[in-house]
Amino acid sequence: MHALVVVAHPKPDSATHAVAARIIEGIELAGHSAEAADLAAEGFDPRFTEHDIAVHRERRTPSDDVRSEQARIDRADALVLVYPVYWWSFPALLKGWIDRVFSNGWAYDEAPGMPLKKKLHRLPVYLAAIGGADWRTYARHGYFGAMRTQIDHGIFDYCGAGVPRSELLLEPADGDWRENFETATALGRKVATASSPTRQTLSASAEPLPTGVR
């Protein structure tokens, strides 16, 4: 089993990157492989251009950077997205990656007068969102439910990709991130063992809070 772990945060010392590292650790501890895609470090351009519109409407060939991302997903047995919550959703970098990469003709087929064809049934998607508010805020306003409707259903179900697990990891009031890190490692093991007959016992070590922002 091979997973693609996509991270959208500009600071490598952020909690977002630390969570991604623990997810990868969980995958590798289960005996499988993972590739990290650091969108900020790699300089992915999230802008949806005139060419991207033509890809959607006229089925033109996607640009090289988009085809490269699609190839990485095609090589993976599972996709994991790790990101901070900005305005109760994805950061613009990750949203732009989805806008451009999950294109008509590759993620789905859609044309006037034709039924929608979902093309990513084989791909499970796991989500790990890192937020700064507390659970009461998310519950009072229904933010996490709205995020799941928008992302799990509105994006991935539209393409046929199931979302077996959505995690929301909130900044601890006491500053102790160990429980969140253990959750991240467990999520990595779940990703790795979803299609494996052998499940292994979680073993996580304590780590300090990252110095950067979420």
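Because the structure is a prediction, the values reported are computed rather than measured.
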Please report the interatomic distance [atom1]([X]) to [atom2]([Y]), rounded to the nearest 0.5 Å.
X: I151; Y: L127; atom1: CD1; atom2: CG; answer: 6.5 Å
X: C159; Y: L120; atom1: SG; atom2: CG; answer: 5.5 Å
X: N180; Y: L170; atom1: CG; atom2: CG; answer: 7.5 Å
X: Y126; Y: R165; atom1: OH; atom2: CZ; answer: 9.0 Å
X: T193; Y: L29; atom1: OG1; atom2: CG; answer: 12.0 Å

Might you point out which heavy atoms bring E42 and A36 nearest each other, and give the distance in Å?
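For E42 versus A36, the nearest heavy atoms are OE2-O, 4.0 Å.
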Consider side-chain contact (heavy atoms from CB on, under 4.5 Å). Of V6, L4, V5, which one does L81 pass it with?
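The single option meeting the side-chain contact (heavy atoms from CB on, under 4.5 Å) with L81 is V6.
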Quick one: ring pair (Phe, Tyr, Trp, His ring centres under 6.0 Å) partners of F90, sequence neighbours excluded?
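Listed in chain order: Y83.
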Would you mind checking if [Y] and [X] are paired as a salt bridge, meaning a charged N to carboxylate O distance below 4.0 Å?
X: E69; Y: R67; result: no
X: D134; Y: R136; result: no
X: E110; Y: R59; result: no
X: D157; Y: K118; result: yes

Could you pull out all residues at least two apart from D52 that satisfy side-chain hydrogen bond (donor to acceptor under 3.5 Å, both in side chains)?
T49, R100
In sequence, state the C-alpha distance, the side-chain angles, and the governing distance for W97 and F102, and then conclude on side-chain contact (heavy atoms from CB on, under 4.5 Å).
CA-CA 8 Å; W97 182 80; F102 283 67; 3.7 Å; yes
Tell me whether the rings of Y143 and W88 are parallel (<30°), tilted (30 to 60°) or perpendicular (>60°).
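Because their plane-to-plane angle is under 30°, the rings of Y143 and W88 count as parallel.
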Distance-only, no hydrogens or angles: does the K119 side chain make a donor-acceptor pair with backbone N or O of G160 under 3.5 Å?
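Absent.
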Let me see the working for T183 and E167 under side-chain hydrogen bond (donor to acceptor under 3.5 Å, both in side chains), right down to the final yes or no.
CA-CA 9 Å; T183 299; E167 290 286 356; 5.6 Å; no
